[in-house]
Amino acid sequence: MSKKLIVPYVNEESNVFHRIRRPKMSLAIYSRCFKCWINIEDILADTGADISVLPESLGILLVGNYKKGDKHKITGLLPNNVASMYINKLSIRLGDKVFRTDFAISNSNDVPPTLGRIGGLDKLNIQYNRGKKLIIHF
Amino acid sequence: MTLKKKLILKNKNQGSIIYTVKAGDNVIWEGKDLHKKFKDLKASNRGKQLTISWRNMKEYLSV
């Protein structure tokens, strides 16, 4: 029998909508720096993001010198909003599943921690439940 | 002045994300410069599982 992990949507403020519900998940990420798993809550599950993203402060405590990773310029919707990001491979644990995936670590602390598709959400079998929750099937 | 406003003024140049670190169910630290504090937090909570959560002081649009 397959296992399920429920990811509830969380109510938040939005600059477009008064309130909005976003899917926020908890992951354990292995810190190369501290040689331990660290639980990180409220990671945005974002199917619109090609790659997973972490802000600088989290990147430093997970990787140490994250700038050793390959540097890329990454934009969001607006091509003029360019951020420098450094690709680093990290081990993540979700439920019983452990896998390695690339994270783009920003040199800014303004970027919300996000689990994107490549190496992240695309490795999972996810059911969307009417804007209320995600159900991850293992 | 609320704690939220104090944090905005104190840390306005450190980005907009406020981190919270919990040891078990207890909140042990809240602030912006997580990478500078984490080593001490880990040392003073040896053997406990630490959990980090965050909130953004700026509203953002997810697309």
Side-chain angles (χ1 to χ4, degrees), chain A residues 9-10 12-29 31 33-49 53-66 75-78 81 83 93 105-114 116, chain B:
Chain A
Y9 279 43
V10 176
E12 294 189 333
E13 291 177 13
S14 160
N15 51 356
V16 176
F17 310 100
H18 177 56
R19 303 287 294 171
I20 195 158
R21 292 162 65 83
R22 295 187 174 114
K24 294 285 188 80
M25 59 201 312
S26 295
L27 288 179
I29 306 183
S31 168
C33 204
F34 290 97
K35 310 264 185 276
C36 66
W37 290 94
I38 299 173
N39 290 332
I40 301 179
E41 295 180 336
D42 304 325
I43 294 181
L44 181 68
D46 188 352
T47 56
V53 172
L54 291 172
E56 182 177 45
S57 220
L58 276 180
I60 291 171
L61 74 90
L62 291 168
V63 176
N65 183 6
Y66 68 92
T75 64
L77 261 189
L78 301 174
N81 283 350
R93 190 173 65 203
I105 298 175
S106 174
N107 60 356
S108 156
N109 269 314
D110 285 330
V111 178
T114 300
Chain B
M1 188 183 289
T2 64
L3 176 63
K4 184 176 173 181
K5 284 182 180 171
K6 281 182 187 171
L7 283 169
I8 289 171
L9 289 174
K10 184 182 169 191
N11 300 309
K12 64 182 178 183
N13 294 324
Q14 296 177 5
S16 58
I17 291 180
I18 305 281
Y19 296 98
T20 301
V21 179
K22 287 186 285 186
D25 291 332
N26 300 322
V27 173
I28 55 171
W29 182 80
E30 196 169 58
K32 290 195 171 185
D33 48 353
L34 174 68
H35 59 287
K36 293 179 186 168
K37 305 287 183 186
F38 193 80
K39 189 176 180 182
D40 292 339
L41 294 171
K42 189 163 172 19
S44 57
N45 291 277
R46 201 176 297 275
K48 294 179 185 169
Q49 177 64 56
L50 298 185
T51 300
I52 298 166
S53 59
W54 65 278
R55 64 181 192 278
N56 202 333
M57 303 309 288
K58 288 180 190 166
E59 295 164 0
Y60 66 93
L61 173 67
S62 174
V63 290

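A note on names: the letters A, B, ... follow the listed sequences, proteins ahead of strands, and every chain is numbered from 1. These numbers come from a predicted model, not from an experiment. Heavy atoms only: backbone and side chains are in, while hydrogens, waters and symmetry mates are out.
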For this session: State the CZ-SG distance between B:F38 and A:C33, to the nearest 0.5 angstrom.
Result: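 Output value for this atom pair is 9.5 Å.
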Problem set entry | CH2-OG1 distance between A:W37 and B:T51, expressed to the nearest 0.5 angstrom | 14.0 Å
For this session: Tell me, with the steps shown, if B:Y19 and A:N109 meet side chain to side chain contact (heavy atoms under 4.5 Å, CB included).
Result: CA-CA 11 Å; B:Y19 296 98; A:N109 269 314; 3.8 Å; yes
For this session: Answer yes or no: is there a side-chain heavy-atom contact under 4.5 Å between B:L34 and A:L58?
Result: yes
Problem set entry | Heavy-atom side-chain proximity of A:C36 to B:K42 below 4.5 angstrom | yes
Exercise. Judged by atom type as modelled, is there a donor-acceptor pair below 3.5 Å linking the side chain of A:E56 to the main-chain atoms of B:H35?
Worked result: no
For this session: Taking B:W54 for its side chain and A:D42 for its backbone only, find out whether a donor-acceptor pair lies under 3.5 Å.
Result: yes
For this session: Carefully, step by step, assess B:K22 and A:E41 under the rule salt bridge (charged side-chain N to carboxylate O under 4.0 Å, His left out).
Result: CA-CA 11 Å; B:K22 287 186 285 186; A:E41 295 180 336; 3.6 Å; yes
Exercise. What part of A:I43 is in contact with chain B, defined as an atom under 4.5 angstrom from a non-hydrogen atom: side chain, backbone, both or neither?
Worked result: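 Backbone only.
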Exercise. Hey, mind stepping through A:I38 and B:I52 against side chain to side chain contact (heavy atoms under 4.5 Å, CB included) and telling me if it holds?
Worked result: CA-CA 8 Å; A:I38 299 173; B:I52 298 166; 3.5 Å; yes
For this session: Might you point out which heavy atoms bring A:P113 and B:I17 nearest each other, and give the distance in Å?
Result: CD-CD1, 4.3 Å
Exercise. Do other residues, nucleotides or ligands put more than 12 heavy atoms under 6.0 Å from A:R19 CZ?
Worked result: yes
